[in-house]
Amino acid sequence: MTQFLRIIVIAVLLITVFLTGSYLYVTNKVETLKNEKYFEVSRDMKNKLQSLIKEKSEAILLVTLALSANQNIKDALKQKNHSSLEIDNLITTLQRYSSLKNIWIQFISPEGRSIYRSWSDKSGDELSFARQDVKQLINNPKVISTISTGKFDMTFKAMVPIYEKGKFIGIVETIAKFYSISEKMKRSGNDLLIVVDKSYKKQLSEAYSNTFVENYYIVNPFKSDKLLEIVKSSSITKYLDIPAYIVDKEHSLLITTLRLPDLNAKPMGYFIIAKDLRLIDLSDIQQAKNSILEVTLLIFLLIIVFLYYVYNVNYKRFIEEQNEILEQSVEEKTKELELQSNILRFIAHHDHLTQLPNKVLLLDRIEEAIKHYKSTGEQLSIFFLDLDSFKDVNDTYGHEVGDELLLEITKRLQKCIKNDDTLARLGGDEFAILHRNTTHFSMINLIESILIQMKKPFNIKNIEIYTTFSIGVALYPQDAKKASQLLRNAETAMYKAKDSGKNTYQFYEKKMTEMALQKIQLDADIRKALKNREFVSYFQPKIDARNGKIVGLEALIRWIHPQKGLINPNDFIPFCEETGLILEIDKYMLTHAIKQILKWQQKGLEFGKVSVNVSTKKIESSNYIEELSYTVESLQFDTALLELEILEGQIMKDPQKSIDILNKIQNLGISVSIDDFGTGYSSLSYLKKLPVNKIKIDRSFIIDVPKNKDDVAIVKTIISLAKNLGLQIIAEGVETKEQLDFLVQEGCYDIQGYYFSKPLPVDECEAFIISKNRGV
Ligand SMILES: Nc1nc2c(ncn2[C@@H]2O[C@H](COP(=O)(O)O[C@H]3[C@@H](O)[C@H](n4cnc5c(=O)[nH]c(N)nc54)O[C@@H]3COP(=O)(O)O)[C@@H](O)[C@H]2O)c(=O)[nH]1
């Protein structure tokens, strides 16, 4: 806004300065032009008067010269008698043929006596005493043309000396009135006032007109009374010797002066010339003024346009700045609102005591997890937790202790959940957990973890409090399709847990509870079995079909359960892989198998390499290579006789990582075989890079050969692939002669399968080896 005001103030100042400057300039310019005009007009006034005077002087001189050449006049002068002259006719002729209407003539003798004067009968009077000009001409006879003034009038005068045969015989003098000059000046719009200094001629003091202004005699008969009055009203000297002109605005007059010299150029008086200002044509000045005003207006408009442009540019900038400020302010406000809205949203979605998500947020998260399931198949489960004796805590110790207890319980529950799980407080003593990426084991793990956490007493304000949870679990998608229903079902399951004695859990589906119980039992049993060394190795021979010799043995785990008897690996290996117990199993089995092999070696039996199954979890465990190396070294086992079977699917989960580990295994001198080949979608580009020695064709491709053409094609391809890659090849699950013949025909000679032998317990396997060593 300051910027905006500044521009406005600058604009107003500029316009004011410009207009003032323009006004002063125009006024000054007009004044100058007027002065020039007045100077010009005043000069014209003077020129006009001068030219009229000159014109008349010349006319009179011409007439006088003409008269001086007239023989009759000469004769009259010689005779000093004019009677023979027809003077009247002469004057009439002169008036008729010249422009001079009032003209008088006089003849003067060489001695200075008047012989004849046309305006009077008087003659013979001595003039040379009274008249300076006559005296002057007698002494120096030459033409005189001058203006003269006397007490009656002011006149033009021309005097010409007349000679006859070189002798000066007299003077012809011609006199004309000044009237016509005044009239002509009047006609051209100029008032004329002829003033003569009184002191110039004594006789002027008695001037006939009797019109005086100060020391000056007003000569002209047709004077302008107005001008006379103006001159009279102030000092006359003001109007004499005006250098150029005077503008009398009061009387609207332009006044100038012209000196009136006498015969000897001595100042005699002045012509005061005046012109009505209104008669002076100032249209050219007005035109010039208009032009200046037009230019000024144009410049003014340009300034306005410029200011408008500057204003616009600045205004745009100003608007942009304001916009920026506005945007910033909106941004800040938006952030504030977002913050407030976040706070409100948080309040609306969280429990005020524990700050945990409330039921609303939990349901949102469940909906979200359901959507996720639909795109990924990742299961979820809801755990509904209700404290078993919270009412007693509140009643006994008060709500403050109850609240503290809830906060401590929250902390412990947070330790049990995964990062992507949601722990919520539904109100009172009810909590819920959204457990994502659910597996049977993860659910059991979570339940056990909660139960363990709740076993420890809580110390609230030095009061030791024991409390437990009744937990209900519902699974998506098995138990409900909608979030709210899922939560309700988990709650129902929780009440079942309450009914069954509290401090326990129930699944919404009864069989799930049983399964959970079984898994918990299985977990406990496997741990116990490892401790009690209930796991044993069975060995399945691998036979070279061409000669029936044993080329190797595969160690396969068996569980000799004290109550249930022999348990096959399919009933516990997947569970062990899920729980991580496989790490212990694989370690146990490697040692167990090697120890047995060492025993057979000591007995001198020959059976080729021994292969042991290894899960990916195992080979990916951080210290696997160290553990493997330690096991073979500590048992002093020749690594050249050991082969590890690793599932193709597990290798291909992260081929690059597998390459690193397999390289390390091979560096220990241990062979690697890809187990169940054909099921793991091996990438051919990776296959050629994999540090493996052997591939084992999966049983699923062997079952229907040679009948199933597809399987035949697959098996043929795998065999040729192995050969091309320089890998050994073995087929497993061979049960029939047809299968065997087909494989041998295709060049796969190493065979594992019931056709030759099932996996055998140690003593049976020993007997089998012995018989084969004997070539039976
Ligand atoms: N990580 C570990 N996994 C192990 C270990 N011991 C076994 N296992 C894996 O358990 C799965 C089941 O094994 P098992 O029941 O022993 O079955 C093996 C053979 O009995 C069976 N086989 C062999 N020949 C035939 C046949 O002709 N017909 C037929 N129906 N079954 C036959 O194949 C199993 C051997 O498979 P593989 O290991 O892929 O060569 C099994 O996946 C084992 O890998 C262990 O110690 N650790």
Side-chain angles (χ1 to χ4, degrees), residues 526 529-530 533-543 545 550-560 566-597 609-621 624 627-628 631 642-651 671-680 694-705 718 728-740 742-743 748 750-762 764-765 768:
I526 291 169
L530 276 166
R533 310 185 69 79
E534 291 167 12
F535 295 110
V536 296
S537 295
Y538 272 40
F539 293 92
Q540 185 173 29
K542 299 174 186 176
I543 307 293
I550 302 177
V551 290
L553 299 172
E554 181 178 4
L556 294 159
I557 194 167
R558 295 292 181 268
W559 185 3
I560 314 295
L566 181 74
I567 300 176
N568 276 321
N570 282 334
D571 294 333
F572 62 91
I573 289 288
F575 179 77
C576 289
E577 278 174 347
E578 198 185 321
T579 60
L581 277 168
I582 195 72
L583 300 176
E584 286 301 307
I585 297 280
D586 282 355
K587 186 182 175 187
Y588 175 91
M589 274 299 292
L590 179 67
T591 312
H592 195 271
I594 288 177
K595 280 182 179 170
Q596 183 53 53
I597 298 299
K609 286 188 183 188
V610 175
S611 63
V612 180
N613 288 286
V614 194
S615 68
T616 325
K617 260 207 179 96
K618 186 69 190 171
I619 63 168
E620 282 178 357
S621 60
Y624 177 65
E627 188 186 292
L628 179 66
T631 307
L642 185 60
E643 185 178 79
L644 297 182
E645 292 195 17
I646 304 164
L647 288 174
E648 185 197 16
Q650 292 182 340
I651 290 174
S671 302
V672 176
S673 171
I674 305 180
D675 203 359
D676 296 353
F677 191 83
T679 59
K694 192 186 280 182
I695 55 180
K696 187 190 261 188
I697 307 169
D698 188 60
R699 195 169 73 87
S700 58
F701 302 115
I702 303 298
I703 293 172
D704 291 330
V705 291
I718 295 173
Q728 297 164 39
I729 182 94
I730 185 168
E732 72 171 342
V734 180
E735 297 184 1
T736 64
K737 176 84 169 73
E738 290 77 23
Q739 289 167 340
L740 180 72
F742 166 75
L743 288 162
C748 176
D750 289 356
I751 304 294
Q752 181 179 352
Y754 293 175
Y755 180 78
F756 287 113
S757 171
K758 285 192 172 182
L760 302 169
V762 171
E764 283 181 38
C765 185
F768 186 87

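In listed order, ligands and their atoms are each counted from 1. One-based numbering along the sequence shown.
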Report yes if some N/O of N568 lies less than 3.5 Å from some N/O of ligand 1; otherwise report no. no

Measure D586 to ligand 1 on non-hydrogen atoms and call it side chain, backbone, both or neither using the 4.0 Å cut-off. side chain

Less than 4.0 Å is my threshold; does some heavy atom of K758 fall inside it relative to ligand 1? no

Quick test: of every protein heavy atom, which one is nearest to atom 7 (C) of ligand 1, and how far off is it to 0.1 Å? L556 CD2, 3.6 Å

Looking at every non-hydrogen atom in both residues, tell me the closest pair between Y754 and P759 and how far apart they are. CE2-CD, 3.9 Å

Any atom of ligand 1 sitting under 4.0 Å from a heavy atom of K618? no

shortest atom 38 (O) of ligand 1-to-protein heavy-atom contact is with E554 OE2, 2.7 Å

Aromatic ring proximity, centroids under 6.0 angstrom, F572 and F535: yes

Answer yes or no: does an N/O atom from Q752 fall short of 3.5 Å to an N/O atom of ligand 1? no

Which of the ligand 1 atoms, numbered from 1, are nearer than 4.0 Å to a heavy atom of G753: 24 (N), 27 (O)

Quick one: look up the protein heavy atom nearest atom 11 (C) of ligand 1 and list residue, atom name and how far away it is. N570 OD1, 3.6 Å

Minimum heavy-atom separation for A731 and I702, please, with both atom names. CB-CD1, 3.9 Å

Please work out, at 4.0 Å between heavy atoms, whether the side chain, the backbone, both, or neither of I585 comes within that distance of ligand 1. neither

From the candidates A555, C576, P569, the one that places a heavy atom nearest atom 13 (O) of ligand 1: P569

